[in-house]
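Because only heavy atoms are used, hydrogens play no part in the values below, and waters and symmetry mates are left out as well, while side chains stay in.
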Amino acid sequence: MAGADDSASAQRRPGGALGDTAVRVGRRLAAMGRTGHRPAGPRGPLIEGFLGSLLVLAGSLGVGWLVSISPIARHPWIIPLRTEPAGVIVCTLALTLGCWVMFRAWLRLGRALGDFGPSSLRTVNLAVLLWTLPQIITLPIFSRDVFAYLGQGRLVLAGEDPYTTGVSSLDNWFHLGTDILWAESETPYGPLFLWIEAAVMRVAGESPDLAILLFRLACVAGVVLIMVYVPKLAALHGVDGARAQWITVANPLLIISFVSSAHNDALMVGFALAGVYAAARGQGVLATVLVVVSIGMKPISMVLLPFIGLLWAGPAAGWGRRFLYWAWTAGIAAIVLLAVGVVQGYGFGWLAVMAGTGTGSVFWSPLGIADGMLSTVLGSLGIPTYWTLDTLKLIGRLLSVVIVLLLMFRGDPRHVVQRMTWAFTALVVLSPIIQPWYLLWLLPLFAVTGIRKDWQFKWVVFTVAFFLAFGASDQLSIWQFLEMDQQMVALSLAVSWACMLWMGILDRGTRWVVYEGWNLPPLRLQRPRWGTGRRADRA
């Protein structure tokens, strides 16, 4: 009888048995993320991330970038990893899997720390240390820009102007690993970084391995600056510093891009954050000098200067005071950069190079997507398409300038850092070229001003996952005689897709990112009921 009563009750409820089944399915789906495993403590994720970093190191020995004159290339253990198909396959698997083991450890560490208590910052810093140590000695991966640094340093030592001369003017430039794309290209880097390049090459001499290690240590110094100032800036904005540090610096994309790849962006971001913090504390002169040092690494951070002036002026400043401090900021920056240009002898050549950068596009940039769609439509109509990318690039640059100006003059004076962040974002998003590490210019600023636990954090996770998958497959160094390039790209992508699907759907330690925090109502299917009056309203 109890079964009959339940059946009758189900038929009386809206939707009947079908509606109840749908409710149960909806509740089950909503609960899947909550059944995820929470680590008992951070020790497991810490060890897991370290093992993942070791896997990346091992994989780099076979498919990382290595110049032919390096003694490492002639080591008996290294030769089969780079010249035998089995060695290349194993190293591709190790490199790709290592990236995803680090990614999983990163997510699980955040899960283990939960609400990020008082000792969480120390734990996150320990994670960064453990996960970074193996990357200091990896062969370059995800990018070979560090070899361009070698060539540009040699140009400076040879008395050439890197803002007008490409590395192809040097003897033996190709055998030192520089990508052929840099052969006739002027350097897009700032004048202060040229001094670092020259200093490294003066010390390293004819040893490219030592030069790479020195460049990597310089980038580690930039990461240390980021680690120092992310929690401090987060505290000024009422944001948990440990969580901001976890999102930003423990992120595997940052560790690989700034340490393994030895990108000078680490120094640019580190000095920029230091300058923003000094400006927020009212130390305008120091802030301007620090941001100028950031510009001296990569000129793109010039967009921060107007907002440094606003921070220096203070939230209660009127327009007269704002213009005065803008003038002070611009004057100090111009004097320092002019002095550097006079001492170097290159003047402001980097400005001309910066104005001409952005050749080509990538398929994931908004301008690249727009160019692809427009070219397809015009091509189908028989209309020439040679002009589309240049036109879209011009539109993007003009639009980014308009956005920066609007954010300079409009907005809450208490939210200057947020306005600065969106101005920087406009420059990046409206560029035809968006490299994976460009995300890392913006991520610290978003993190210190607050990334919510809902779709905002999920956006970060999915973006990091996309660029990890792309980077692991895009920059593999494989000898041409093996004829395995495309096969290894396909293998790496297959491993990445398998790892992402497993972690997003099946893995109890990470699937919470997909299932939790969307704030969607439970799924409920109802059979429509027809009627009028109160009975229809009640139904």
Side-chain angles (χ1 to χ4, degrees), residues 51-102 133-151 154 167-168 170-183 204-216 256-257 259-263 468-499:
L51 294 176
S53 188
L54 289 177
L55 268 177
V56 173
L57 167 60
S60 75
L61 298 178
V63 293
W65 291 99
L66 183 64
V67 298
S68 57
I69 64 172
S70 168
I72 299 176
R74 297 186 293 274
H75 196 284
W77 289 6
I78 302 299
I79 292 174
L81 297 179
R82 304 187 70 86
T83 61
E84 298 292 336
V88 172
I89 292 172
V90 169
C91 288
T92 300
L93 288 171
L95 175 66
T96 308
L97 283 173
C99 292
W100 293 109
V101 172
M102 292 180 68
L133 282 176
Q135 301 309 301
I136 294 177
I137 57 174
T138 60
L139 300 185
I141 56 174
F142 278 46
S143 171
R144 55 194 293 193
D145 283 356
V146 68
F147 295 102
Y149 304 165
L150 274 68
R154 293 177 64 206
V167 297
S168 60
L170 297 169
D171 294 333
N172 204 33
W173 68 273
F174 184 74
H175 294 288
L176 288 177
T178 305
D179 193 315
I180 195 171
L181 296 174
W182 288 95
E206 299 298 321
S207 174
D209 297 330
L210 177 58
I212 291 170
L213 177 62
L214 295 175
F215 279 122
R216 189 166 277 154
I256 292 173
S257 297
V259 180
S260 316
S261 303
H263 277 120
L468 273 182
F470 172 78
S473 64
D474 179 61
Q475 294 286 336
L476 299 175
S477 176
I478 301 172
W479 287 104
Q480 291 183 354
F481 71 84
L482 291 173
E483 298 181 349
M484 299 176 63
D485 299 47
Q486 295 307 311
Q487 294 93 323
M488 292 305 97
V489 169
L491 175 62
S492 178
L493 287 175
V495 171
S496 291
W497 273 106
C499 290

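Side-chain contact check for L139 versus V63: every heavy-atom pair is 4.5 Å or farther apart. With a 4.5 Å cut-off on side-chain heavy atoms, F470 and Q475 do not count as touching. Taking the side chain as every heavy atom from C-beta outward, L150 and W173 never approach each other to under 4.5 Å. Contact annotation: the side chain of S261 never approaches that of D145 to less than 4.5 Å [non-hydrogen atoms, C-beta and beyond]. Contact of the F215 side chain with the P140 side chain is not registered, since no non-hydrogen atoms from C-beta on lie closer than 4.5 Å. Between L176 and F147 the shortest side-chain heavy-atom distance does not fall below 4.5 Å. At least one side-chain heavy atom of I89 sits less than 4.5 Å from a side-chain heavy atom of M484.
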Practice problem: Could you go through the side chain to side chain contact (heavy atoms under 4.5 Å, CB included) check for I256 and L468 one step at a time? | Solution: CA-CA 9 Å; I256 292 173; L468 273 182; 4.1 Å; yes

Quiz item: Going through the distances and angles, do R82 and S477 end up as a side chain to side chain contact (heavy atoms under 4.5 Å, CB included)?
Solution: CA-CA 9 Å; R82 304 187 70 86; S477 176; 3.4 Å; yes

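The line from OG of S60 to CG of L81 is 10.0 Å long, rounded to the nearest 0.5 Å. In this structure, the separation between CG on L97 and CE on M102 is 13.5 Å, given to the nearest 0.5 Å. Atom CG of residue L170 and atom OG1 of residue T178 lie 8.5 Å apart, to the nearest 0.5 angstrom. Atoms CD and CD1, on Q487 and I478 in that order, are 8.5 Å from each other to the nearest 0.5 Å. Distance check: S257 OG to Q135 CD gives 10.5 Å after rounding to the nearest 0.5 Å.
Taking both residues in full, the closest heavy atoms of I141 and G64 are given as CG2-CA, 4.1 Å, listed atom of the first, atom of the second, then distance. Heavy-atom minimum distance, S143 versus W65: O-CD1, 3.9 Å. The minimum heavy-atom distance between Y149 and A262, with the atom names listed, is CE1-O, 3.2 Å. Nearest heavy atoms, P134 versus L57: O-CD1, 4.0 Å. Contact between T96 and S496 at its shortest, heavy atoms only, is CG2-OG, 3.4 Å. Closest non-hydrogen pair, L493 versus S473, comes out as CD2-OG, 3.4 Å.
Of the residues L476, L55, V90, the one that meets the side-chain contact (heavy atoms from CB on, under 4.5 Å) test with L95 is L476.
Here the side chain of R216 pairs a donor or acceptor atom with the backbone of I136 at under 3.5 angstrom. Distance alone, capped at 3.5 Å, is enough to place a donor-acceptor pair between the S70 side chain and the I72 backbone. For S492 (side chain) and M488 (main-chain N/O), no donor-acceptor pair under 3.5 Å exists by modelled atom type.
Atom CG of L210 has more than 12 neighbouring heavy atoms from other residues, nucleotides or ligands inside a 6.0 Å radius.
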